[in-house]
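Encoded as structure tokens, the structure appears first; notes follow it.
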Amino acid sequence: MDLADSRIVVGLNTPLHSDKSQEDTILVINCGSSTIKYQLLAMATEQLLLKGVFEGLCQEQGQHSYTWFAENGREREHTISLSNPDYTICFNSLTDLISEFKWPSPRAIGHRVVHGGELFTGPTLIDASVLTKIEQLSVLAPLHNLVNLEGIRFCLALFSHVPQIAVFDTAFHQTMPDYVYRYPISTSWYSEHHIRKYGFHGTSHQYVAQKTAHYLQTPLATLNLITVHLGNGASIAAIEQGQCIDTSMGFTPLEGLMMGTRCGDIDPAIPLYMQKATGLNATQVSDELNHHSGLLAVAGDQDMRDVLSRSNNGEPTAELAIKMYCYRIKKYIGAFLAAIGHVDAIIFTGGIGENSAVIRSRCCDGLELLGIKIDFDLNEPPNGSSVSLISCDTGNIKVLAIKTNEELQIANEVVNYIKSSKAQQV
Ligand code: ADP
């Protein structure tokens with residue numbers, strides 16, 4: 001897609017239509033390799049107006065599923081089949097949908113961008129130079145940044161008068177000190193090849209940290225937290241005085257905890273040994289570690305619900321996978337407790353962290369002497385609660401289960417960015 005620079009540099013002072021409601025509508029776009037997810041939010045009330053996903057991108061048959069939310073709280077769903085859906089088809093149907101519902105054009109668009117490297121430490125207004133930098137950073141996340149960029153380019157063309165802001169998965173972790181983010185390897189690998197710990201899932205860690213501060217009615221800047229995001233990917237972050245000081249994911253999202261299909265921490269000599277022993281090439285080994293490891297490798301299933309149900313039925317491989325999964329989380333909790341010293345709360349989030357009382361309790365089992373004590377009854381919170389305290393009064397460290405909302409976090413960051421940019425201009 002060819003865009004003249006003048007079209008892609010949209011400032012925050014770009015004149016807007018007079019419609020009042022436009023002031024507060026933010027579109028959040030999350031482009032993946034085979035899906036485009038989006039949400040349209042009314043920020044005054046943090047109300048979701050529309051959310052949807054395009055699936056099967058660049059395949060013969062795909063679909064667009066979306067849900068829209070009426071003011072009376074009712075929601076309706078719809079799915080449309082799409083043949084050969086590409087970015088043009090998807091983004092055109094999104095703009096058609098927005099106008100069909102007579103929603104105003106969004107006030108701003110927030111784009112999830114996976115890798116911000118060392119260049120981006122917070123939300124950033126997208127202009128030609130930012131596009132170039134995101135493209136340069138794609139060497140660190142080739143599967144992600146290029147598709148993120150593709151989505152941004154389409155939105156810049158379709159919503160040419162709307163400011164667009166990039167929110168980076170890595171940005172929250174940029175506060176890690178050098179002795180944490182550097183690996184003990186040749187300095188030139190860092191200086192020439194940018195090999196260091198970056199961390200991912202930053203939007204989710206930041207969202208639940210802020211939710212915790214709100215729930216505890218304590219400023220985030222005074223809180224020490226350990227946030228445990230357990231979805232298909234999984235990571236854990238150590239947060240001191242509101243700032244990330246360490247996280248389990250590293251140079252890539254492969255390091256750290258055991259995940260659905262990713263191995264997490266293993267001896268770095270293993271991939272090299274296996275290349276020599278089996279003749280697999282680097283791409284094949286990478287595929288093995290990213291897509292055929294973790295729960296899938298040990299239990300034969302990557303979905304934790306299936307693994308749990310098979311373990312309940314006494315299947316040893318499923319039970320082994322759960323033991324490994326929880327043990328590794330527990331080890332990181334212990335390490336981050338030591339790194340931070342005093343911790344106010346541990347927060348479980350992501351599909352598994354939010355929904356599985358068994359996993360939460362097994363991760364904390366045996367940590368009573370460290371002040372972590374799960375309350376059996378509280379650990380089964382009613383469905384739908386967004387923040388649940390699940391620890392006993394007698395534990396020194398509160399344990400919470402919090403539903404993450406990365407899209408809302410991105411939208412909030414966009415709003416805050418616009419506010420602070422305007423304030424600086426005054
Ligand atoms: P993603 O990382 O793709 O956003 P999610 O955060 O939605 O993934 O998490 C997906 C994981 O959550 C899957 O392993 C799924 O089995 C697990 N999960 C969802 N609901 C439950 C539940 N009730 N109990 C256990 N695991 C669950």
Side-chain angles (χ1 to χ4, degrees), residues 28-39 51-55 65 67 112 114 141 143-144 147-148 169 199-208 211 227-237 247-249 252-264 290-313 315 317-319 321-326 328-329 347-364 374 379-386 388 390 401-410:
V28 176
I29 300 284
N30 179 358
C31 282
S33 52
S34 62
T35 61
I36 300 172
K37 295 180 187 157
Y38 64 86
Q39 288 195 4
K51 72 169 180 185
V53 57
F54 294 95
E55 290 170 289
S65 317
T67 308
R112 176 183 178 222
V114 166
L143 294 181
H144 295 106
V147 286
N148 298 156
D169 274 15
F200 299 87
H201 286 147
T203 312
S204 175
H205 289 292
Q206 192 171 4
Y207 177 80
V208 296
K211 273 274 180 191
T227 49
V228 190
H229 177 107
L230 306 176
N232 284 313
S235 68
I236 175 163
T247 188
S248 57
M249 283 180 167
T252 71
L254 188 57
E255 191 183 344
L257 302 176
M258 176 173 169
M259 307 176 218
T261 64
R262 284 175 245 166
C263 58
N290 277 289
H291 304 297
H292 304 283
S293 298
L295 292 174
L296 180 62
V298 180
D301 260 311
Q302 69 182 73
D303 191 301
M304 184 55 96
R305 282 166 293 203
D306 298 332
V307 181
L308 282 166
S309 102
R310 287 178 39 212
S311 156
N312 282 340
N313 293 334
E315 285 192 40
T317 54
E319 178 52 23
I322 292 169
K323 267 193 184 145
M324 291 168 67
Y325 187 87
C326 296
R328 283 164 173 250
I329 294 168
I347 299 97
F348 285 93
T349 190
I352 300 170
E354 290 161 21
N355 295 304
S356 176
V358 173
I359 296 293
R360 289 193 297 255
S361 118
R362 289 181 68 163
C363 291
C364 296
I374 300 259
N379 194 25
E380 299 278 0
N383 277 343
S385 52
S386 61
S388 311
I390 58 169
I402 298 185
K403 274 196 195 335
T404 194
N405 191 336
E406 287 160 283
E407 288 79 11
L408 179 57
Q409 177 67 20
I410 291 173

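When a ligand or atom number is given, it counts from 1 through the structure's own listing order.
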**Asked** Mind checking whether Val147 and Ile36 have side chains closer than 4.5 Å, heavy atoms only?
**Response** no
**Item:** Residue part near ligand 1, for Leu308, under 4.0 Å between non-hydrogen atoms
**Value:** side chain
**Asked** Near Ser356, which atoms of ligand 1 are under 4.0 Å from a heavy atom of that residue?
**Response** 24 (N), 25 (C)
**Request:** Of all the heavy-atom pairs spanning Ser311 and Glu319, show the shortest one and how long it is.
**Result:** OG-OE1, 2.8 Å
**Request:** Look at atom 27 (C) of ligand 1 and find which of Glu406, Arg305, Met304, Lys403 reaches it with the closest heavy atom.
**Result:** Arg305
**Message:** Please check this pair: side chain of Thr35 against backbone of Lys37, looking for a donor-acceptor N/O pair closer than 3.5 Å.
**Reply:** no
**CA sep, side-chain torsions, deciding dist, call: Glu255, Arg328, salt bridge (Lys or Arg N to Asp or Glu O under 4.0 Å)** = CA-CA 12 Å; Glu255 191 183 344; Arg328 283 164 173 250; over 6 Å; no
**Fill in**
SG (Cys364) and CD1 (Ile359) are apart, to the nearest 0.5 Å, by 11.0 Å
**Prompt:** Less than 4.0 Å between atom 4 (O) of ligand 1 and some protein heavy atom, yes or no?
**Reply:** no
**Asked** If you count the atoms of ligand 1 from 1 in the order shown, which ones are under 4.0 Å from a heavy atom of Gly233?
**Response** 2 (O)
**Fill in**
Taken to the nearest 0.5 Å, the spacing of Ile402 CD1 from Thr227 OG1 works out to 9.5 Å
**Item:** Spacing of OG belonging to Ser204 relative to CG belonging to Asp169, to within rounding of 0.5 Å
**Value:** 9.5 Å
**Fill in**
When distances are taken from atom 11 (C) of ligand 1, the protein heavy atom at minimum range is Ile352 CG1, 3.7 Å
**Request:** Output the list of atoms in ligand 1 that are nearer than 4.0 Å to some heavy atom of Gly231, sorted by atom number.
**Result:** 2 (O), 5 (P), 6 (O), 8 (O), 9 (O)
**Request:** Identify, for atom 2 (O) of ligand 1, the protein heavy atom at the shortest distance, and state residue, atom and that distance.
**Result:** Asn232 N, 3.0 Å
**Message:** What I want to know is whether His229 and ligand 1 share at least one N or O pair that is separated by under 3.5 angstrom.
**Reply:** no
**Asked** Between Glu354 and Thr349, does any side-chain donor sit less than 3.5 Å from a side-chain acceptor?
**Response** yes
**Complete:** Among Asp301, Asn355, Thr404, Asp303, the residue with a heavy atom nearest to atom 21 (C) of ligand 1 is Asn355
**Request:** If you have a sec, work out which protein heavy atom is nearest atom 6 (O) of ligand 1 and how many Å separate them, to one decimal?
**Result:** Gly351 N, 2.8 Å
